[in-house]
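Just the heavy atoms: all of them, side chains too, but no hydrogens, waters or symmetry mates, feed the values below. If you're wondering where the values come from, they're calculated on a predicted model, not measured in any experiment.
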Amino acid sequence: MAVQSRIPTSISPEAQAILKAVHERPSVPTPAASDTEGWALVEALTASTDPAVMEMMAMATVGAPLSDIHVDSVDRTINGAKFTVATPESWTPDDPRVVMNMHGGGFTFGGGATARRSTQLMAANLGLQTWGMDYRQLPHHPFPAGLDDCMAVYRELLEDHDPRNIVVMGGSGGANLALALTLRARDEGLPVPAGLGLATPPTDFTFQGDSWYTNAEGTTPDDFTNMLESYKGEYPADHPYISPLFGEYDDTFPPTIITSGTRDMLLSDAVRLHRKLVNAGVTTELHVWEAGPHGHFGGVAPEDRELLQQIRTFLLAHLK
């Protein structure tokens with residue numbers, strides 16, 4: 001039996017079940033840009049209104065467990081950029097702290113009603129008002145459309161929030177956008193947020209990281225080639241807003257917490273970013289979870305709740 005096919009007993013039963021499902025699930029690469037039939041199927045899944053599908057995708061794209069905490073939500077649009085403001089019942093109007101969150105999904109999945117639901121889950125789990133992005137995605141909106149949307153909403157957030165009360169978060173592709181947003185905000189002369197939370201972030205789309213190959217359990221860079229080609233458009237893969245590992249960092253960059261797992265094919269992307277931030281003098285922590293695959297355990301395991309609380313504790317410590 002191959003080492004990577006072993007399901008460890010050192011993690012929760014729920015996490016074990018997720019790993020088993022990951023092993024049994026066939027790899028489904030993103031369609032090529034010219035594959036209109038393939039993209040039609042992707043878009044149909046993304047637009048699904050089936051409650052069970054939406055709930056599963058909402059949990060998976062942000063890694064947030066279900067919660068019975070009541071959350072009010074309002075959909076908003078700023079300069080064409082869509083987002084949801086979700087307010088948990090524990091929030092009070094005199095609390096100025098706010099989270100801006102970008103859902104994951106390979107720049108392809110997790111938008112629309114799913115983005116609304118995932119924002120509600122994040123607000124419930126974090127106990128803070130959360131602005132969750134419903135940014136434009138593939139196949140019709142390559143880079144920088146999604147990042148432009150995030151920038152428009154971040155600018156709106158700065159209109160009536162002290163940046164020292166703002167934290168930015170994201171998972172997977174959303175973590176890439178969160179990091180790119182912070183780099184671009186700094187480059188454009190905007191105040192940066194008080195803290196940054198990055199869960200299993202892709203930071204290098206030139207695929208130089210070692211774990212792309214050592215942790216490739218049915219997933220290799222080849223499976224992401226179509227997505228990357230569609231996403232980057234006319235820009236190079238090492239553009240710092242596409243591959244933020246190649247951005248410039250110094251000690252003015254906000255405190256950053258990075259999470260990954262020992263089975264995440266993007267573990268090296270997290271490790272290399274962490275090392276770059278350490279060398280630049282940035283306050284940063286890296287948390288690597290036992291047996292965690294990319295995206296962690298989809299919001300269904302106790303480890304997911306613990307991970308979110310770890311990020312919350314770090315970020316709250318750096319808010320005003």
Side-chain angles (χ1 to χ4, degrees), residues 54-76 81-92 95-106 109-135 137 146 149-150 153-154 156-157 161 165-179 181-182 193-201 256-259 287 289 295-319:
M54 285 178 53
E55 196 83 322
M56 177 190 69
M57 289 186 65
M59 294 168 66
T61 52
V62 293
L66 294 177
S67 172
D68 57 5
I69 294 174
H70 177 73
V71 175
D72 292 320
S73 60
V74 178
D75 294 337
R76 295 183 57 189
K82 299 177 182 179
F83 64 105
T84 295
V85 178
T87 305
E89 59 185 356
S90 59
W91 182 84
T92 57
D95 186 349
R97 301 171 300 175
V98 63
V99 177
M100 181 178 180
N101 187 69
M102 287 70 144
H103 67 79
F109 298 100
T114 300
R116 181 186 309 114
R117 179 58 179 147
S118 64
T119 303
Q120 293 169 345
L121 290 175
M122 288 297 287
N125 279 275
L126 296 173
L128 295 170
Q129 187 176 83
T130 302
W131 290 33
M133 290 300 307
D134 182 11
Y135 52 86
Q137 300 190 97
D149 288 349
C150 295
V153 173
Y154 184 66
E156 175 69 13
L157 195 55
H161 289 81
N165 289 325
I166 301 171
V167 291
V168 175
M169 292 178 57
S172 189
N176 174 285
L177 287 170
L179 185 53
L181 167 77
T182 308
L196 192 59
L198 308 174
T200 62
T256 302
I257 182 171
I258 308 165
T259 69
H287 295 260
W289 294 77
H296 216 54
F297 298 107
V300 303
E303 288 88 343
D304 294 301
R305 192 177 304 277
E306 185 179 349
L307 180 146
L308 270 184
Q309 289 306 307
Q310 188 79 58
I311 294 175
R312 181 182 187 275
T313 298
F314 178 92
L315 294 178
L316 287 182
H318 295 286
L319 284 165

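Atoms OG1 and CD, on T119 and Q129 in that order, are 11.5 Å from each other to the nearest 0.5 Å. The CG atom of L198 lies 4.0 Å from the CG atom of L196; values are rounded to the nearest 0.5 Å. For the atom pair L319 CG and R312 CZ, the distance stands at 10.0 Å (nearest 0.5 Å). In this structure, CG on L126 lies 8.5 Å from CG on L315, to the nearest 0.5 angstrom. Between F109 atom CZ and T114 atom OG1 the span is 10.5 Å, to the nearest 0.5 Å. Summarising the geometry, atom CG belonging to L316 is positioned 5.5 Å from atom CG belonging to L128; distances are rounded to the nearest 0.5 Å.
Side chains of L308 and M169 form a contact here, defined as non-hydrogen atoms less than 4.5 Å apart. When side chains are defined from C-beta on, I69 does not count as touching S90, because their heavy atoms never get closer than 4.5 Å. F83 places none of its side-chain heavy atoms less than 4.5 Å from the side chain of D134. R117 places none of its side-chain heavy atoms less than 4.5 Å from the side chain of H103. When side chains are defined from C-beta on, V98 does not count as touching V85, because their heavy atoms never get closer than 4.5 Å. By the 4.5 Å heavy-atom criterion applied to side chains, M59 and V300 are counted as neighbours. Side-chain atoms of K82 and D75, non-hydrogen and from C-beta on, never get closer than 4.5 Å to each other. Residues M100 and L181 have side chains in contact (heavy-atom distance under 4.5 Å, counting atoms from C-beta outward).
The minimum heavy-atom distance linking W131 with H161 is given by the pair CZ2-CE1, 4.0 Å. The nearest pair of heavy atoms linking P88 to G127 is CG-C, 3.7 Å.
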Apply side-chain contact (heavy atoms from CB on, under 4.5 Å) to residues V167 and H318 and explain how you reach the verdict.
CA-CA 9 Å; V167 291; H318 295 286; over 6 Å; no

F297/L307 under side-chain contact (heavy atoms from CB on, under 4.5 Å): CA gap, chis, key distance, verdict
CA-CA 10 Å; F297 298 107; L307 180 146; over 6 Å; no

Test log, rule side-chain contact (heavy atoms from CB on, under 4.5 Å), inputs I257 and H287
CA-CA 8 Å; I257 182 171; H287 295 260; 3.7 Å; yes

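In terms of modelled atom types and a separation under 3.5 Å, the side chain of D304 and the main chain of A64 share no donor-acceptor contact. Under a 3.5 Å cut-off, the side chain of N125 and the backbone N or O of P65 do form a donor-acceptor pair. A distance-only check finds no donor-acceptor pair linking the side chain of Q120 to the backbone of H70 [under 3.5 Å].
By the 30° and 60° cut-offs, the orientation of the rings of W289 relative to H296 is perpendicular.
Listed by chain and residue number, R136 satisfy the salt bridge (Lys or Arg N to Asp or Glu O under 4.0 Å) test with D149 (two or more places apart in sequence, or in another chain).
Results of the side-chain contact (heavy atoms from CB on, under 4.5 Å) test with S118 over T130, T61, T84 single out T61 as the only residue that passes.
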